[in-house]
Number of protein chains: 2
Amino acid sequence: MIKKTRKERERAARKQLIIDAAIEVIKKNGFESATMDEIAKQAEVSKGALYLYFKNKASIYLAISERGSRLLTQSLSKILLFELSGLELIRKMGQAYLKFVQQNPIYFTAFIYYENLISDDELFESELAAACEESAREAMTYIVRALQIGMQDGSIKDTYDPKELGLIIWGASKGIIHMAFYKENRNHMKILDDVDFSLDSIINNFIEILGTGMANDQKS
Amino acid sequence: MIKKTRKERERAARKQLIIDAAIEVIKKNGFESATMDEIAKQAEVSKGALYLYFKNKASIYLAISERGSRLLTQSLSKILLFELSGLELIRKMGQAYLKFVQQNPIYFTAFIYYENLISDDELFESELAAACEESAREAMTYIVRALQIGMQDGSIKDTYDPKELGLIIWGASKGIIHMAFYKENRNHMKILDDVDFSLDSIINNFIEILGTGMANDQKS
DNA sequence: ATCTATACTGACTCTCAGTCATTTTTTGAA
DNA sequence: TTCAAAAAATGACTGAGAGTCAGTATAGAT
């Protein structure tokens, strides 16, 4: 356990307040139109002070993403406590993911930003990015655990590598939830309106398709 | 058939040249750091001229996205010509999607941009956005056709609504390919390196999982 | 050849991220 | 308690780049 000095704690707290302020500003007008001046005003500090706590604007956004990853990973970790089959655990994780995105749209938007931001080498190698990576890896571990449980209890086929399967589920779920998110929150591609699908059930349908398969001719 | 005047044709051609120039500039340094001055220089016109052909910078990006959608949709349409089972058609479409993204990373990046851009109402209601929507809807129709063929020939379960299934495949594939794309092209989340998966086969595995299911206890 | 409409130009404005000389606050040694 | 050094904070300033517009060039009509 690392003992932090009062200074360090105060500094960390101030950092959190700036992140809170940034989230408030972004909620009003979106990521694109949020300015450092606005964030400073909201945080009740000068613009210069922002740069004492964060390297640049992108790293504030990175910090939002980091907080989001942490929250999401936490909520996934809780799911492993349930006494359920592996497949049920995966289903619950998918539902938790969707719920998180619906309740915290700003974090989800930040995740999308994150993927663009890390093409910048300097940010990619920052401490904040490392924390995001760590959260993601942790989340992935929970998914793989659930898959392994499912392979043990027979609810999930054991012909795939659980890690590869984990990645596929991770990627595919992200795509689905991305779609669901856009449909709910903003201007979105009109094809999403052609089908009258219920958002609360789409993850269930998706996991069901993954789980039971959509083809008739099952070989095993 | 609408007969265009020479003027109109020249204008359209110039527009395409500007899009070409923008793509060249973006290839060099990415979307973020491309400037209107650079694009103008590359296109051998003045900066002001860019604004005679495009409303603003975002709409140039939108135009790139539109061209990309058109190309991708075209390549999907060709697949329906093959004499294959529905499931095979879907698999081929997935492969075509991946190939397109690998060969034209810039268009894929533009697609991602597009989804952010359309949160701006003005752009969302533009002619270019409408063209993107039309392409997307067309692509979706091809997927649904393939699914219907598969439900007829027995290669795909007919217990789902083909349209809903189409959306799920669309969303999930996007997520998977997004992941594959990031792994190949740029700084990317390190969890992608934890698993040594082959990109050329990931779509196959994904479609196989969708197609044959991952659960042991098949009810039908 | 002259006129008019359309296409084009690039210097200019404005906004905003990021900087830095200056001021304010905190610390802790005497 | 005092005060000098260090740390934190400020906000006017700078530079970059998107977008504008008064002025210029060109093509087509008469």
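Chain A is the first sequence line, chain B the second, and so forth, proteins listed ahead of strands; every chain is numbered from 1.
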*asked:* Considering every strand and a 4.0 Å limit on heavy-atom distances, what is the contact class for A:A58: base, sugar-phosphate, or nothing?
replied: nothing

*Which of these nucleotides, D:dA18, D:dT10, C:dT9, is closest to any side-chain atom of A:L52?*
D:dT10

*Roughly, in whole Å, what's the span from OH in B:Y51 to P in C:dA7?*
19 Å

*Taking only the side-chain heavy atoms of B:K57 (C-beta and beyond), determine which of C:dA17, D:dG19, C:dT9 contains the nearest atom.*
D:dG19

*Can you say whether the rings of B:Y113 and B:F31 are parallel (under 30°), tilted (30 to 60°) or perpendicular (over 60°)?*
parallel

*Take the protein atom CE of A:M36 and the nucleotide atom P of C:dC20, then report the distance between them rounded to whole Å.*
16 Å

*Would you classify A:A40 as touching base, sugar-phosphate or nothing, given that sugar-phosphate means primed atoms plus P, OP1 and OP2, and contacts are heavy atoms under 4.0 Å?*
nothing

_Aromatic A:F124 / basic B:K190 pairing, under 6.0 angstrom, 45° off normal_ = yes

*Could you give the CD1-to-C1' distance, from A:I18 to C:dG18, as a whole number of Å?*
15 Å

_Closest to the B:A49 side chain, choosing from D:dA12, D:dG19, C:dC8_ = C:dC8

*How many Å lie between CG on A:D120 and P on C:dG18, as a whole number?*
11 Å

_Closest to side chain of A:T35, choosing from D:dT10, C:dA17, D:dA18_ = C:dA17

*Parallel, tilted or perpendicular: which describes the rings of A:F111 and A:F100, with under 30° parallel and over 60° perpendicular?*
parallel

*Less than 4.0 Å between a side-chain N and a carboxylate O, is that true for A:K55 and A:E122?*
yes

*asked:* What is the distance, to the nearest angstrom, from the CG atom on A:N56 to the P atom on C:dC16?
replied: 17 Å

*Taking only Lys NZ, Arg NE, NH1 and NH2, and the carboxylate oxygens of Asp or Glu, determine whether B:E8 and B:R11 approach each other closer than 4.0 Å.*
no

_Spacing between A:E38 atom CD and C:dA17 atom C1', to the nearest angstrom_ = 13 Å

*Please report, rounded to the nearest Å, how far the P atom of C:dG18 is from the CG atom of A:L50.*
11 Å

_Nearest-neighbour nucleotide for the A:Y53 side chain, D:dG17, D:dG19, D:dA9 considered_ = D:dA9

*Between C:dT9, D:dA9, D:dA18, which one does the side chain of A:R14 approach most closely?*
D:dA9

*Report the distance from atom CD of B:E10 to atom C1' of D:dG28, rounded to the nearest whole Å.*
12 Å

